Each structure stands twice: as structure tokens, then as C-alpha cells.
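Structure first, commentary second.
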Amino acid sequence: MDLKAPPLILLLGNSGSGKSSFINSVTGAEIAPVGHDLYSLTVSVEQYTHTFAEGARVCLVDTPGFSEYNDEGSQSDLQILKMIAEFLKTEHDANRKFTGVVYLHSINGHRVSRMARRNMKIFKEICGSNSMKNVVVITTFWDQLSDIQEGVAKEEQLKIEEGLLKELHDAGAEFLRTGHFEPGEMPHDASIQTPEQILSHVLSRDPVFLEIQKEMAQGASVAETTAGSTLIQEMEELQREFKQRIEAMSSEISMLKDVNDEERSHRKEIEMAAAKLRSQVEEQQRRMQLRESKIPEQNLDPVSLERQQSQDIEELRQQLNQRLRIEDLTAEISLLSSDDEEERNHRKELEEEAEGLRRRVEEWEQQQQQLGNMQERNSKACISMFAKSTGTG
Ligand SMILES: Nc1nc2c(ncn2[C@@H]2O[C@H](COP(=O)(O)OP(=O)(O)OP(=O)(O)O)[C@@H](O)[C@H]2O)c(=O)[nH]1
Ligand SMILES: [Mg+2]
């Protein structure tokens with residue numbers, strides 16, 4: 001082992017938990033790119049060496065964070081784990097152990113999402129139970145809490161709830177609090193420390209190899225490590241859920257199509273009835289006009305004239321009723337048309353969502369396939385190496 005190499009500190013945590021910001025605060029320089037909102041900024045594993053005033057050095061390893069808020073997972077989570085695992089394997093091969101493994105978690109989030117729980121599980125599996133004494137959980141964003149008790153309660157939940165960070169806490173991992181502070185500014189509560197203060201805690205431990213390093217050193221591919229198989233299992237579970245959702249959406253889409261067909265034929269019937277009424281009204285109008293035009297030529301006696309007038313009144317009444325009926329039918333048609341449009345839009349939305357889900361499932365399947373191929377290649381390489389070393393190849 002290179003005795004001059006500075007102690008290694010690995011930073012892990014969800015995207016946006018503040019890993020890069022932590023490094024920038026310690027080094028006092030904007031060297032690690034910092035993200036905004038929910039977009040992951042760090043895209044690769046990067047090492048930053050910092051020299052303290054007294055000359056000691058430390059190497060901080062920044063990593064891209066897993067998705068936390070998107071409960072549908074992210075296809076890149078698998079690539080991120082692969083990137084981190086491969087870096088850790090290289091460090092193992094160079095006999096470089098980790099003095100500290102830090103898990104950053106924002107105390108300011110609304111709830112611990114399903115993805116955040118999964119990420120905590122993967123973190124525990126990356127470390128393994130033998131490196132717990134080197135693990136430090138740092139909760140960030142304490143500067144943003146108006147009520148510190150709110151953060152204390154959330155931190156307590158992380159420590160005691162099964163499936164969160166209980167195992168780390170029970171195994172003796174230290175929990176520390178930090179936030180953003182201006183240079184020289186001291187935190188508003190004694191329990192909160194600046195990143196620089198925190199780092200001195202982390203540096204006092206004996207370096208260790210992490211579980212995932214040991215697993216990979218024994219020949220496991222990323223997918224075969226405990227953390228890798230948990231991630232793949234979770235993604236398979238999500239794939240199953242997506243497929244179920246696609247099925248449910250498809251049956252809703254075809255139901256909407258049936259309803260639309262029914263409504264279309266109903267609308268056609270109404271339109272035909274309205275057209276028939278309209279032509280009847282036109283026919284009556286024509287007859288009345290014809291009659292009116294003939295009146296001066298006819299020399300009707302008073303009785304015939306009265307009969308003629310009451311006949312006209314009756315026809316006018318009928319015309320009025322038919323006009324009202326046509327108006328009703330026209331209103332019904334336009335109502336049906338607007339419903340139709342709403343349903344068409346709804347169906348379009350469903351179709352688009354289902355298509356998106358289908359694409360993601362396909363992407364995952366491709367990724368898993370690639371991992372499978374990789375595994376196969378690794379196994380073949382191992383067999384051929386074994387054959388060469390035993391002289392049987
Ligand atoms: N107020 C406050 N803001 C923080 C804190 N930590 C991080 N931020 C902000 O949160 C955002 C994300 O921070 P990053 O340091 O990029 O987070 P990250 O963990 O490196 O994220 P990825 O690179 O995506 O994995 C940035 O806008 C930071 O300024 C904190 O403790 N307090
Ligand atoms: Mg980052």
C-alpha cells in the first residue's frame with residue numbers, strides 16, 4: 001500500500017443530498033459541480049484532494065447520486081452503481097482502503113420515498129456490516145429548517161425505523177448534522193457542524209475495504225454483488241408494476257374506444273332525425289308560401305277562409321314544435337361532440353403514458369441483457385484464465 005496516499009473518504013447519497021456541495025465547502029473552492037433543483041449534476045466518480053492548513057491531506061470521492069423523488073426509479077441508477085462499483089474495484093486492486101464512508105441525506109425532504117429507502121438499502125449493502133465503524137450518516141440542509149425539532153424528529157425516524165438507517169445506527173454508525181454556511185459563519189445550533197468540523201470526525205478511523213469491493217475482488221460482477229442484485233430485483237419489481245399498469249391502461253383505452261363507437265352511432269341517429277325534421281319544416285314552409293302566393297287569386301267564401309286560416313295556424317304550430325325539437329337535437333349533438341373530444345384527449349394521454357412506460361421497460365430489459373452479457377463474458381474470461389493457470393487451456 002502507498003503509505004503517502006491521503007486517506008480516502010467516499011461520499012454517497014441521493015441526488016441533491018449535497019455531496020458535491022460538502023466537498024466545495026471543505027475545500028473552500030467550487031471544484032465539484034453542484035446541481036440545481038432535482039437534476040443530478042455529478043455524472044462520474046471524481047476524486048478531490050484537499051490539503052489542510054497543517055499540511056495533512058484527504059481525498060474526497062464524489063459520486064453521482066441515485067434518484068430519490070422519482071418513484072418510478074431511473075434507468076441510470078444501474079449505470080451509476082456500475083460506475084461506483086467499478087471505481088471501488090479499481091481502488092481495491094490498488095490496495096486502497098476507505099477511512100470513511102459518508103451517506104448524505106437531506107433532512108429537509110417531505111417524506112422518505114420508496115426510492116430513498118431502496119438507496120439506503122443499497123448503501124448498507126455497498127458497505128457491509130464489517131465497515132460500520134467507518135460509516136458516518138450526515139444529514140444536510142439543517143440551515144433551512146426553521147424548527148430544529150422537526151429535523152430532530154426526522155433524524156430519529158431514520159435511526160429507529162426498520163428499512164431506513166436503523167441497522168447502521170444499531171451497528172454504531174455516527175449521525176452528524178450539517179448545512180450551508182458562509183465562510184466563518186457558525187451554525188445556529190450547537191448540534192450542527194460545518195462540513196470541515198465533520199471531516200475531522202471521519203478521519204480518525206482505521207481504513208477498511210467495503211463489502212462490494214470484497215465481493216468484486218472474489219470475481220462477482222456488479223450485478224452479482226449484494227447491492228447490485230438488490231437494485232436489479234427492485235427494477236424487476238418496477239418492471240412488473242409498469243407492465244401491470246400498461247395492461248390496465250390498454251383495457252381502459254379499448255373501453256373508451258367502445259364507448260366512443262356507441263356514442264358515434266347515437267350521434268348519427270340524432271343527426272339523421274334532425275335532418276329529417278329540418279326537411280319537413282322546409283317542405284311545410286314551401287307549401288305555406290305556395291298557398292300564400294295563391295290566396296289573392298282565390299276567391300274564398302268566409303267559411304272556407306276561416307278553415308284555411310285555422311289550418312295555417314295548425315301548420316305554424318307544428319313548425320314551431322319541430323324547430324324546438326331540432327334545437328334540442330342540435331344541443332345534444334354538440335354536447336356529445338365535446339364529450340367525444342374530452343375522451344379522445346383522455347385516450348391520447350393514456351396512450352402516450354402507456355407508450356412511455358413501454359419504452360422504459362424495453363430500456364431496462366436491454367440494460368439487464370447487457371449486464372447478463374457482461375456477466376457471461378466475465379465468466380468466460382475467468383474460465384480461460386483458470387485454464388491457462390492450470391495448463392489445461
Ligand atoms: N441550503 C442548503 N442547500 C444545500 C445543502 N446541500 C446542498 N444544497 C443545495 O442542493 C443542491 C444540490 O446539491 P449538490 O451538492 O449538487 O448535490 P449532490 O448530492 O452532489 O447531487 P448529485 O450530484 O446529483 O448526486 C444545490 O443547489 C446545493 O446548493 C445544504 O446543506 N443546505
Ligand atoms: Mg454532486
Side-chain angles (χ1 to χ4, degrees), residues 9-50 59-70 73-85 87-88 100-110 112-113 115-116 118-120 122-123 126 135-148 150-152 154-155 158 165 175-199 201-202 227 231:
I9 311 284
L10 178 67
L11 287 106
L12 296 169
N14 299 323
S15 180
S17 57
K19 300 175 291 297
S20 307
S21 303
F22 184 91
I23 292 173
N24 289 341
S25 175
V26 168
T27 58
E30 299 290 312
I31 46 173
V34 164
H36 296 283
D37 305 324
L38 303 180
Y39 298 105
S40 175
L41 218 272
T42 307
V43 290
S44 55
V45 177
E46 297 292 342
Q47 304 181 53
Y48 300 96
T49 302
H50 175 62
C59 179
L60 299 165
V61 182
D62 196 8
T63 59
F66 289 122
S67 54
E68 176 187 5
Y69 295 104
N70 176 3
S74 155
Q75 48 164 330
S76 60
D77 286 350
L78 206 54
Q79 286 156 346
I80 290 173
L81 181 66
K82 202 165 152 268
M83 221 186 294
I84 296 171
F87 164 78
L88 294 177
V101 202
V102 175
Y103 187 74
L104 286 95
H105 179 87
S106 165
I107 206 68
N108 208 13
H110 294 297
V112 183
S113 67
M115 286 301 125
R118 179 204 69 176
N119 300 344
M120 287 180 192
I122 291 171
F123 172 73
I126 287 175
V135 171
V136 178
V137 176
I138 301 179
T139 44
T140 49
F141 284 82
W142 283 85
D143 58 301
Q144 283 199 342
L145 291 183
S146 48
D147 177 10
I148 202 157
E150 194 190 315
V152 173
K154 283 187 187 166
E155 190 190 44
L158 293 175
L165 296 173
F175 280 64
L176 300 168
R177 304 167 180 172
T178 193
H180 266 185
F181 304 102
E182 292 300 320
E185 183 194 356
M186 284 318 282
H188 52 291
D189 186 277
S191 72
I192 305 168
Q193 294 171 288
T194 62
E196 304 80 88
Q197 290 170 326
I198 283 187
L199 201 57
H201 282 261
V202 186
L231 184 56

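Nothing here was measured: the structure is a model prediction, and the numbers come from that model. Each ligand, and each atom within it, is numbered from 1 in the order the structure gives.
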Would you mind listing which atoms of ligand 1 come within a distance below 4.0 Å of any non-hydrogen atom of [X]?
| X | result |
| --- | --- |
| P64 | 25 (O) |
| S20 | 15 (O), 20 (O) |
| Q144 | 1 (N) |
| N14 | 19 (O) |
| T140 | 31 (O) |
| D143 | 1 (N), 2 (C), 30 (C), 31 (O), 32 (N) |

Partners passing side-chain hydrogen bond (donor to acceptor under 3.5 Å, both in side chains) against H201 (at least two apart in sequence or in another chain): E174, Q193
Protein N/O/S atoms closer than 2.8 Å to the Mg ion (ligand 2): S20 OG, T42 OG1
Any donor and acceptor pair, going by atom type alone, linking the side chain of [X] with main-chain N or O of [Y] inside 3.5 Å?
| X | Y | answer |
| --- | --- | --- |
| S25 | S21 | no |
| D77 | S67 | yes |
| D62 | E46 | no |

The one among F22, W142, F141 that brings a heavy atom closest to atom 4 (C) of ligand 1: F141
[X] and [Y]: side chain donor to acceptor below 3.5 Å:
| X | Y | value |
| --- | --- | --- |
| T139 | R177 | no |
| S106 | N108 | no |
| T140 | S17 | no |

Is there any N or O on [X] that sits under 3.5 Å from an N or O of ligand 1?
| X | value |
| --- | --- |
| G16 | yes |
| P33 | no |
| T178 | no |
| G179 | no |
| K19 | yes |

Of V137, L11, L12, N14, the residue whose pairing with L104 passes side-chain contact (heavy atoms from CB on, under 4.5 Å): L11
Chi angles and distances behind the side-chain contact (heavy atoms from CB on, under 4.5 Å) call for I148, I192: CA-CA 10 Å; I148 202 157; I192 305 168; 3.7 Å; yes
Exercise: identify the closest heavy-atom pair between P195 and G179: CD-O, 4.2 Å
Crowding at CD, E182 (>12 non-hydrogen neighbours, <6.0 Å): no
Parallel, tilted or perpendicular, as decided by the 30° and 60° cut-offs, for the rings of F141 and H180: parallel
